[in-house]
Asks: 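Got a structure for you, written out below as structure tokens; questions coming shortly.
So you know, we letter chains A, B, ... as the sequences are listed, proteins then strands, and number each from 1.
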Amino acid sequence: MELIKDGKRIDGRSFDELRPIKIEAGVLKRADGSAYVEWGGNKVLAAVYGPREAQPRHIQNPTKAIVSCRYNMAAFSVSDRKRQGPDRRSVEISKIVSEALDRVIFTEQFPRATIDVYMEVLQADAGTRCTCLTAASVALADAGIPMRDFVSACAVGKVDGQIVLDLGKEEDNLGEADLPIAIMPRTGEILLLQMDGHLTMEEFNKAVTLGMNACMKIYEMQKEALMKKYTGD
Amino acid sequence: MLSEIKRDYICQLAAKGKRVDGRKFDEPREIKIEKGVAKNAEGSALVKLGDTSVMVGVKMAPGEPYPDTQDSGVLTTSAELTPLASPTFESGPPSPEAIEIARVVDRGIRESKTVDFKKLCITKNEKVWVLFLDIHVLDYDGNLFDASSIGALSALTDTVVPAKRFEIGEDFKLEVEHYPVSCTSVKIGSAILLDPSLDEETVADARLTVSIDENGDIRAMQKGLNGSFTLDEVKSIINSSKIKGDRIRELIK
Amino acid sequence: MIIMNSKNKKREIVLPGEFLGENLEPGPGVYNEGKQAYASVLGVKSVRANRVNVVPLSGRYIPKVHDCIIGTIIEVGPSSWLVDINSPYPALLHITESPWRVDFGDAAKFLNIGDAVLVKVSGVDEIKRVQVTMKDIGLRKITGGQLMEIPPSRIPRVIGKGGSMISLIKRSTKCRMFVGQNGRIWLDGGNVSTAVAAIKKIEKEAHTFGLTDAIGKYLEGK
């Protein structure tokens with residue numbers, strides 16, 4: 001399958017173009033904070049509960065809050081039905097997302113507590129972990145959790161020898177490299193970085209720059225979504 | 001944890017014929033149904049019942065028939081009370097509540113012959129369609145039974161059997177033959193309230209879910225909680241379930 | 001950053017990580033990096049003299065000493081009660097901090113699970129263990145009336161500047177009210193449903209200007 005034709009990608013995008021993205025803050029009633037993100041064919045809901053007292057008590061940390069994330073895919077979110085419950089992939093994603101968010105939250109303000117972040121993938125395309133992180137960070141701000149900064153995420157990859165932004169489904173399956181990245185937009189510090197495939201040093205440099213620039217665009221959309229909720233426009 | 005004051009307040013209002021949100025006893029909350037919300041599913045629906053929100057997806061794949069029904073497709077229903085829906089839901093294996101909801105929805109569909117499973121036989125004794133109905137609870141503000149069963153029926157009406165993907169002919173629309181609609185009522189003191197909110201559900205003594213089809217016949221029932229009903233109360237609940245169910249059916253179709 | 005103008009008043013909503021200014025003393029909701037001050041929560045920026053703080057627009061109730069709040073008893077021990085105060089941390093109410101003479105083991109005779117109490121935060125230690133007391137004027141067990149919950153971040157607006165909003169509602173509805181800093185409000189007598197509606201209106205329109213006037217008009221119309 002040809003993934004690039006006449007300088008355009010298989011879905012018609014240019015190399016540095018994001019898929020359409022829609023972010024909405026505060027969509028759930030029961031959660032302390034929440035967000036809904038549509039990103040290309042991804043549909044993700046994130047909810048934050050807490051800070052709340054960590055249970056059972058023996059897991060409590062007397063100096064800071066525990067940030068506990070759960071990434072979960074709905075059974076009908078993928079083409080081949082996903083069985084209920086965590087598989088090894090979701091456990092790994094939950095772990096790295098928890099670690100990324102832990103860095104931005106002022107956890108020391110809430111000893112003995114947990115901040116629970118639940119992410120549900122309702123419809124999966126490529127790039128669910130970046131979509132989830134983006135949603136989670138909006139949900140955390142919506143929940144009033146004190147943070148150093150936002151977390152904005154995006155994937156970059158290599159397709160038919162070209163470095164391209166925000167891989168789509170076919171590109172993800174057939175491409176040569178995939179590199180999800182999450183940053184703190186204010187400082188540019190990297191919070192999440194993974195890669196699989198094959199990149200030269202030069203390609204990596206190009207990809208990271210492209211990805212980080214895209215994260216800044218995502219950041220603008222995250223801010224816009226929160227402003228929309230809190231100023232009522 | 002509901003404070004005694006809140007509990008007393010709901011009960012006192014109910015004794016005066018009122019509800020906290022100003023609804024009449026037999027008045028359901030606003031119902032919104034959106035179909036085709038999950039494109040990787042064969043059929044799907046998002047149902048909002050007031051602030052309760054449930055997403056239901058249908059997935060289908062060829063599989064083996066049950067030994068006692070060699071010529072029929074197979075229905076498998078599960079419910080997931082995701083922890084994002086309520087501070088009291090936890091991740092982990094399905095809770096008894098989730099299993100009860102899945103079984104009540106499953107019975108409503110199976111026993112009312114909503115779908116003719118004989119039409120989902122591919123090769124007798126060998127291969128049939130397995131229909132997975134997955135209920136995903138997103139926001140819990142009471143009455144998951146009705147939100148889930150309305151969602152299930154709506155998702156089924158949205159379903160296209162993916163025959164082409166499995167190389168067994170052309171895709172075809174799943175035929176929904178009956179439209180059983182479930183309505184849940186709770187008893188608070190001697191008052192009967194349709195479509196309970198979370199607080200009303202918490203205070204309630206007893207709960208009754210009645211599923212009624214388009215002909216006005218009863219297709220499934222489930223009584224819950226540790227209170228009881230008189231026979232007259234049951235009959236009156238069945239009656240109002242029929243009237244309200246007729247309106248909800250129009251929304252689903 | 002969005003600046004909302006209404007005549008000469010300004011409310012600036014900021015997001016976590018947003019730059020607030022230089023050489024400012026950081027108050028609540030603010031953190032410093034070198035000389036730069038940044039917001040740590042989503043809220044309204046407020047600068048007074050050389051001090052900057054961000055008043056949160058959401059978030060759970062974090063107990064502070066002297067706060068008056070409404071709690072619900074969740075556990076009864078021999079010499080104390082555990083009180084849910086709508087915060088990440090439950091509070092301890094010791095029998096000696098109650099208005100009654102309670103003998104060891106008799107706590108349940110005075111307060112039981114589900115009872116609502118007006119209490120005051122008397123202590124919060126470094127690991128956020130919270131103690132409350134009922135030994136002050138007006139603190140007691142509450143019975144009857146109605147209890148509502150709104151986001152704790154909206155409470156300052158329900159109270160209003162110098163208590164202006166709350167007295168307006170009380171005057172107009174003849175309701176007895178107790179507004180807990182933890183987002184719980186108890187109402188009794190008078191026109192409770194109008195008072196509840198007015199509070200819900202404040203909750204919804206908390207970010208707007210001239211709210212006291214708007215609520216005044218709303219109450220007049222009732």
Side-chain angles (χ1 to χ4, degrees), chain A residues 26-36 38 40-53 55-56 68-86 90-91 94 114-126 128 132 135-136 139 143 169, chain B residues 36-46 48-61 63 76-94 98-99 102 130-142 151 155 158-159 162 165-166 197-198:
Chain A
V27 292
L28 297 175
K29 183 188 175 185
R30 297 299 305 284
D32 294 314
S34 59
Y36 174 69
E38 276 184 29
N42 294 305
K43 289 185 181 180
V44 162
L45 256 181
V48 171
Y49 283 94
R52 55 183 175 185
E53 202 175 35
Q55 297 287 357
S68 160
C69 299
R70 176 190 187 249
Y71 166 99
N72 185 51
M73 295 184 103
F76 46 79
S77 64
V78 277
S79 193
D80 292 328
R81 179 177 179 270
K82 158 100 180 48
R83 286 177 61 123
Q84 248 188 53
S90 350
V91 171
S94 301
T114 55
I115 295 168
D116 294 304
V117 184
Y118 300 115
M119 296 158 291
E120 291 289 328
V121 179
L122 303 172
Q123 183 177 292
D125 207 350
T128 55
C132 281
K169 186 100 200 139
Chain B
V37 286
K39 70 164 190 199
N40 291 328
E42 272 62 83
S44 61
L46 175 67
K48 286 193 176 157
L49 188 55
D51 282 315
T52 290
S53 174
V54 171
M55 199 157 170
V56 180
V58 172
K59 288 297 298 174
M60 293 183 79
T76 304
T77 309
S78 333
E80 202 170 341
L81 306 182
T82 67
L84 59 61
S86 159
T88 57
F89 292 171
E90 288 171 10
S91 26
I99 291 169
V130 182
L131 192 155
F132 296 96
L133 193 65
D134 283 289
I135 299 159
H136 218 62
V137 178
L138 304 176
D139 210 356
Y140 171 44
D141 195 33
D158 181 54
T159 298
R165 176 147 48 97
F166 295 100
S197 69
L198 180 61

Asks: Would you please name every residue forming a ring pair (Phe, Tyr, Trp, His ring centres under 6.0 Å) with B/F89, sequence neighbours left out?
Replies: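 B/F89: ring pair (Phe, Tyr, Trp, His ring centres under 6.0 Å) contacts with B/Y140.
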Asks: Which heavy atom of B/S78 sits nearest a heavy atom of A/Q84, and at what distance?
Replies: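 Where B/S78 meets A/Q84 most closely, the heavy atoms are CB-NE2, 3.5 Å.
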Asks: B/V37 versus chain A, heavy atoms under 4.5 Å apart: side chain, backbone, both or neither?
Replies: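 Both backbone and side chain.
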Asks: Identify the heavy atoms of A/F76 and B/A38 that sit nearest to each other, and give their distance.
Replies: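 Distance-wise, the nearest heavy atoms are CD1-CB, 3.9 Å.
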Asks: Please determine, among B/A85, B/P162, B/S44, B/P93, the option with the most heavy-atom pairs under 4.5 Å with chain A.
Replies: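 Ranked by heavy-atom pairs under 4.5 Å with chain A, first place is B/A85.
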Asks: Using a 4.5 Å cut-off on heavy atoms from C-beta on, say whether the side chain of B/H136 contacts that of A/L45.
Replies: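 No; the side chains remain at least 4.5 Å from each other.
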Asks: Where do A/D80 and B/R165 come nearest, in terms of heavy atoms and distance?
Replies: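 Scanning both residues completely, I find the closest heavy atoms to be OD1-NH1, 4.3 Å.
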Asks: Taking A/R81 first and then B/D134, would you say they form a salt bridge - that is, a charged N and a carboxylate O separated by under 4.0 Å?
Replies: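 Answer for the salt bridge query: yes.
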Asks: Do the charged groups of B/D139 and A/R30 touch, with an N to O distance under 4.0 Å?
Replies: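 Result for this pair is no, no salt bridge flagged.
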Asks: As an exercise: rank A/D32, A/L122, A/V117 by heavy-atom pairs under 4.5 Å with chain B and give me the winner.
Replies: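 The residue among A/D32, A/L122, A/V117 with the greatest pair count is A/L122.
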Asks: Kindly indicate, with the supporting measurements, whether the criterion side chain to side chain contact (heavy atoms under 4.5 Å, CB included) is fulfilled by B/L84 and A/R70.
Replies: CA-CA 10 Å; B/L84 59 61; A/R70 176 190 187 249; over 6 Å; no
Asks: Side chain from CB out, backbone as N, CA, C, O: work out which of these in B/L138 comes under 4.5 Å of a heavy atom of chain A, or both, or neither.
Replies: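 Answer is both: backbone and side chain atoms of B/L138 are under 4.5 Å from chain A.
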Asks: Can you establish whether the number of heavy atoms outside A/K82 located under 6.0 Å from its atom NZ is more than 12?
Replies: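 More than 12 within 6.0 Å, yes.
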Asks: Looking only at heavy atoms and a cut-off of under 4.5 Å, which of B/A61, B/S86, B/S91, B/S53 has the most pairs with chain A?
Replies: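 Among B/A61, B/S86, B/S91, B/S53, the one with the most close pairs to chain A is B/S86.
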Asks: Where on B/A79 is there a heavy atom nearer than 4.5 Å to chain A: the side chain, the backbone, both, or neither?
Replies: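 Just the backbone, heavy atoms under 4.5 Å.
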Asks: What distance separates A/S79 OG from B/E42 CD, expressed to the nearest 0.5 Å?
Replies: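 With rounding to 0.5 Å, OG (A/S79) is 7.0 Å from CD (B/E42).
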Asks: Could you have a look at A/A74, A/A31, A/P86, A/G50 and say which one has the most heavy-atom pairs with chain B under 4.5 angstrom?
Replies: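 Winner by heavy-atom pair count: A/A74.
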Asks: Judged by atom type as modelled, is there a donor-acceptor pair below 3.5 Å linking the side chain of B/D141 to the main-chain atoms of A/K29?
Replies: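 It does not hold such a pair.
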